[in-house]
Amino acid sequence: MKIYNIALIGFGGVNRALAELIARKSPLWERDLGFRLNIVAVSDLHLGSVISPNGLDAKTLVEANFAKGGFGRLSGGSGEADNEAIIKTAPADIVVEATYTNPADGEPAVSHCRWALNSSKHVVTTNKGPVAIAARELKALAKANNVHFEYEGSVMSGTPVIRMAEKTLAGAEVKGFEGILNGTSNFVLCRMEEGLDFASAVAEAQALGYAEADPTADVEGFDVRLKVVILANELLGANLKPEDVSCNGISKLSPSDIQAAAKAGSRWKLVGSAVRNADGTITGSVAPKQLALEHPLAGVNGATNAVSLNTELLGPVTVSGPGAGRVETAYALLSDIVAIHNAQSANFAKEAA
Ligand SMILES: NC(=O)C1=CN([C@@H]2O[C@H](COP(=O)(O)OP(=O)(O)OC[C@H]3O[C@@H](n4cnc5c(N)ncnc54)[C@H](O)[C@@H]3O)[C@@H](O)[C@H]2O)C=CC1
Ligand SMILES: N[C@@H](CC=O)C(=O)O
């Protein structure tokens with residue numbers, strides 16, 4: 001049985017959900033996926049850090065109600081989050097980066113990824129900052145160190161988009177895309193259609209684990225802008241930076257705008273898109289759009305996301321599924337680890353042949 005030692009950087013909603021899944025699903029994963037995940041270190045700004053070379057019990061980690069600095073009470077623990085030491089020295093095969101997304105410069109997560117890759121540890125992350133801002137550098141670093149940098153959860157949480165488009169649609173020639181790429185803002189728009197006020201709808205999205213640490217990123221479109229950059233760079237071969245993508249959010253939409261759209265047989269949606277122009281340049285944008293009810297994105301509700309990829313050979317291909325949520329996003333981390341495991345198993349098989 002293959003065992004992957006993992007270090008969790010950030011122990012908020014997503015990484016905690018991954019630990020919960022490890023506690024509940026390990027026997028199933030051993031049987032169906034052929035590996036076991038062993039948590040050897042955790043570091044969190046609020047809780048501190050802990051290394052345990054033999055592994056920490058996932059159930060205990062999740063169930064213990066740690067106070068601020070609480071990891072300091074554990075054997076091998078400290079009340080401070082010493083991310084750099086944890087990432088560089090913990091006996092981990094895989095670093096799971098799920099600290100907060102910084103839309104400005106991606107830090108400190110970019111550094112977390114660099115430290116891990118330079119220590120020849122694989123990185124799986126749901127953090128959009130390092131992917132949107134430093135993917136080229138981090139992919140090159142991963143290649144140089146013969147490890148993987150995987151980030152399926154950075155767009156549409158656990159719903160497969162990046163790997164699906166790259167692997168399953170290889171050769172179909174993606175020319176552009178448009179989608180609903182933020183669960184919080186879509187949830188807020190839907191709740192406002194039901195009569196809730198903006199602030200209460202945002203508070204609900206926070207309670208459900210959909211929103212960013214600072215929900216301004218959700219409602220002002222900054223989060224979608226990062227996702228447009230990620231998809232454009234991955235699927236269209238662009239080299240966009242966040243500041244290249246025009247960005248408007250939903251915070252200026254009033255309840256009367258929303259009611260007026262309903263009367264006119266349409267709905268407001270926050271749409272992220274990118275297109276390859278005739279001269280080969282790529283243009284990306286984020287903007288609220290009033291979509292007729294017949295539009296394929298108009299019926300997408302709550303924290304569900306959807307993206308239509310416009311391909312040369314198939315026309316539009318639309319993927320829809322959860323765009324946010326703790327367990328849904330933890331699943332993306334598992335899917336990244338499965339991808340690493342499958343690639344490694346294929347390599348071993350090739351070497352053995
Ligand atoms: N929750 C969701 O639905 C989704 C989240 N993501 C991304 O996944 C990441 C994690 O999301 P959540 O767990 O929901 O966020 P969260 O806010 O619940 O947890 C983040 C955790 O990271 C810790 N943290 C912050 N800065 C740190 C640092 N410098 N060092 C160590 N720990 C630090 C915080 O104390 C907190 O416990 C974020 O980047 C988010 O944008 C991506 C897709 C969906
Ligand atoms: N806050 C984000 C989480 C996923 O990226 C969202 O609401 O979509």
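The model shown is predicted, which means the values in this text are computed figures rather than measured ones. Atoms within each ligand, like the ligands themselves, are counted from 1 in listed order. Atom set for the values below is all heavy atoms of this structure, side chains included, hydrogens, waters and symmetry mates excluded.
Under a cut-off of 6.0 angstrom, the local environment of CG in N277 is crowded, with over 12 non-hydrogen atoms contributed by other residues, nucleotides or ligands.
Heavy-atom proximity to Y210, at under 4.0 Å, picks out these atoms of ligand 2: 1 (N), 2 (C), 3 (C), 6 (C), 7 (O). Contact atoms of ligand 2 toward E212: 1 (N), 2 (C), 3 (C) (distance under 4.0 Å to a heavy atom of the residue).
A heavy-atom separation below 4.0 Å is not found between S157 and ligand 2. At least one heavy atom of K128 sits closer than 4.0 Å to an atom of ligand 2.
The nearest protein heavy atom to atom 15 (O) of ligand 1 is not closer than 4.0 Å.
Within the 3.5 Å criterion, the main-chain N or O of K241 finds a donor-acceptor partner in the side chain of D244. Side-chain N or O atoms of D197 include one that pairs as donor or acceptor with a backbone N or O of S200 at under 3.5 Å.
Residue contacts with ligand 1 for E212 involve side-chain atoms from C-beta outward but no N, CA, C or O (heavy atoms, distance under 4.0 Å). Residue-level proximity to ligand 1 for D223 is absent, since no heavy atom of it falls below 4.0 angstrom. Using a 4.0 Å cut-off between heavy atoms, T101 contacts ligand 1 through both its backbone and its side chain.
Alongside L297, the hydrophobic cluster contains I180, V271, L291, V300 (criterion: ILVMFWY side chains under 4.5 Å).
If you check each of M156, Q206, K227 against atom 4 (C) of ligand 2, the one with the closest non-hydrogen atom is K227.
Residue-to-ligand polar distances place G183 within reach of ligand 2: an N/O pair is separated by less than 3.5 Å.
For residues 35-62, every residue pair satisfying the ring pair (Phe, Tyr, Trp, His ring centres under 6.0 Å) rule, not counting sequence neighbours, is listed here: Y4-F35, F35-H341.
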